[in-house]
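Model, not experiment: these values are computed from the prediction. Heavy-atom basis, side chains included; hydrogens, waters and symmetry copies ignored. Note that ligands are numbered from 1 as they come in the structure, with each ligand's atoms numbered from 1 the same way.
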Amino acid sequence: MGTSFSSNEAFHLPQFPKRILIQGGGYIALEFATIFNGLGAEVTVVYRGDNILRGFDDEVRAHLRMELEKRGIRILTKQVVARVEKFGHELRVALSEHEDIAADQVMFATGRKPNIEHIGLEAAGVALGKTGGIAVNEFSQTSVPNIYAVGDVTNRVNLTPVAIREGHAFADSVFGGKPTPVNHADVPTAVFSEPEVGVVGMTEAEACRALAKVDIYKSTFRPLKATLAGRDTRTFMKLVVDGHTDRVVGCHIVGPEAGEMIQLIGVAVKMKATKADFDATMAVHPTAAEELVTMREKSATHVRQAAE
Ligand SMILES: Cc1cc2nc3c(=O)[nH]c(=O)nc-3n(C[C@H](O)[C@H](O)[C@H](O)COP(=O)(O)OP(=O)(O)OC[C@H]3O[C@@H](n4cnc5c(N)ncnc54)[C@H](O)[C@@H]3O)c2cc1C
């Protein structure tokens, strides 16, 4: 054994790696880290940034990291794989911070980019966007009016349902006589790690940048099932609320079924539900989700100071 691979090959390994090092801190790296950890491998995650899950709410990142570490996943941040050498059947991985780690396999999950070279975009005059994808407007139309692009190749929100929706909207607009823009705001999304993460809307930091007043409600608790099973795992939930309009602008969950919960919270957020709407909704007891409608105490209020 002993080669490096990406998520393309992860389910086709000839042999199960007892020790695996994964470079990357995004959702794919973490999903595979928890799969290999759950199957009994010794897992080390190496990530160049300050903390895993860049772009997610900072407390979600901290909570998930703590939960992954509790499950025995080693997480090394602010460093990268400098070199991989093969010694007999094992790999020696030299990290940029001078540590050497022995592993059976090394996985790279450091991100993907649109495959747009050598397909004649330049010759056709199709412009690229700032994020390296094909630039399109809200109808997925490129700079050349009769050329459209949908999905990851546009590097907008790289998720399957978003690509499908963009394709559907394109067909409606161009062939169905029904101009249909795609709104990429408030896309609910999940990380299928163990525990799961489900998020929709703004992080606390994004809300503080965008809004004059932000109220934060949050809760950390042991889910009932974990209590009964005697497992030391905690669920985290946070609501980010616009302090002036009372609208819930963000919801962040780490815990069992977070993906299922965020799909439904996504409807409420898309409908611009307020914190008062959440509070007026009766709890379903005993569930973890009931916490989302019973958070009464603000944990923080951020008020943006007027510029001097
Ligand atoms: C490991 C992994 C896990 C993921 N998990 C999730 C998830 O849980 N939920 C979710 O919503 N999204 C997930 N995604 C993202 C999701 O897969 C993408 O957003 C989605 O597939 C985008 O669809 P697409 O049609 O734009 O691109 P793709 O599905 O990538 O399809 C592009 C197709 O074009 C082909 N192609 C590429 N270049 C050329 C070329 N030059 N000429 C001809 N054909 C070409 C490719 O072979 C491919 O078949 C995951 C992605 C990865 C890598």
Check: For atom 1 (C) of ligand 1, which protein heavy atom lies nearest, and how many Å away is it?
Finding: Ser7 OG, 3.5 Å
Next item on the list: Around atom 4 (C) of ligand 1, find the nearest protein heavy atom and jot down its residue, atom name and distance.
Entry: Tyr27 OH, 3.6 Å
Indicate whether [atom] is within a distance of less than 4.0 angstrom of some protein heavy atom.
atom: atom 46 (C) of ligand 1; result: no
atom: atom 53 (C) of ligand 1; result: yes
atom: atom 34 (O) of ligand 1; result: no
atom: atom 22 (C) of ligand 1; result: yes
atom: atom 42 (N) of ligand 1; result: no
atom: atom 6 (C) of ligand 1; result: yes
atom: atom 38 (N) of ligand 1; result: yes
atom: atom 25 (O) of ligand 1; result: no

Next item on the list: Please list all pairs passing the ring-ring contact (aromatic ring centres under 6.0 Å, His included) test where one or both residues lie in residues 134-156, with sequence neighbours left out.
Entry: Tyr148-Phe170
Using a strict 4.0 Å cut-off to heavy atoms of [X], name the atoms of ligand 1 that fall inside it.
X: Pro161; answer: 11 (O)
X: Gly151; answer: 26 (O)
X: Leu159; answer: 10 (C), 11 (O), 12 (N), 19 (O)

Margin query: Below the 3.5 angstrom mark, is there an N/O of Asp152, backbone or side chain, next to an N/O of ligand 1?
Written below: yes
Margin query: Quick one about His302 and Glu204 (side-chain donor to acceptor, distance below 3.5 Å, no hydrogens or angles considered), yes or no?
Written below: yes
Margin query: Apply salt bridge (charged side-chain N to carboxylate O under 4.0 Å, His left out) to residues Glu59 and Lys218 and explain how you reach the verdict.
Written below: CA-CA 10 Å; Glu59 284 182 293; Lys218 63 185 177 190; 2.5 Å; yes
Check: Looking at ligand 1, does Arg112 have a heavy atom less than 4.0 Å from it?
Finding: yes
Gap between atom [atom2] of [Y] and atom [atom1] of [X] - 0.5 Å precision:
X: Thr131; Y: Asn155; atom1: OG1; atom2: CG; answer: 4.0 Å
X: His63; Y: Thr235; atom1: NE2; atom2: OG1; answer: 6.5 Å
X: Phe236; Y: Asp57; atom1: CZ; atom2: CG; answer: 6.0 Å

Next item on the list: Would you please indicate if the ring centroids of Phe32 and Phe11 are separated by under 6.0 Å?
Entry: yes
Next item on the list: Specify side chain, backbone, both or neither for Ile28, according to which of its non-hydrogen atoms lie closer than 4.0 Å to ligand 1.
Entry: side chain
Notebook entry, point to check: Between Ile119 and ligand 1, which part of the residue brings a heavy atom under 4.0 Å of the ligand: side chain, backbone, both or neither?
Noted result: side chain
Next item on the list: Run through Glu138, Glu166, Arg165 and flag the one making a side-chain hydrogen bond (donor to acceptor under 3.5 Å, both in side chains) with His184.
Entry: Glu166
Next item on the list: Mark yes or no for whether Thr110, through its side chain, and Phe108, through its backbone, hold a donor-acceptor pair below 3.5 Å.
Entry: no
Next item on the list: For atom 10 (C) of ligand 1, state which one of Asn115, Ile116, Thr160 supplies the nearest heavy atom.
Entry: Thr160
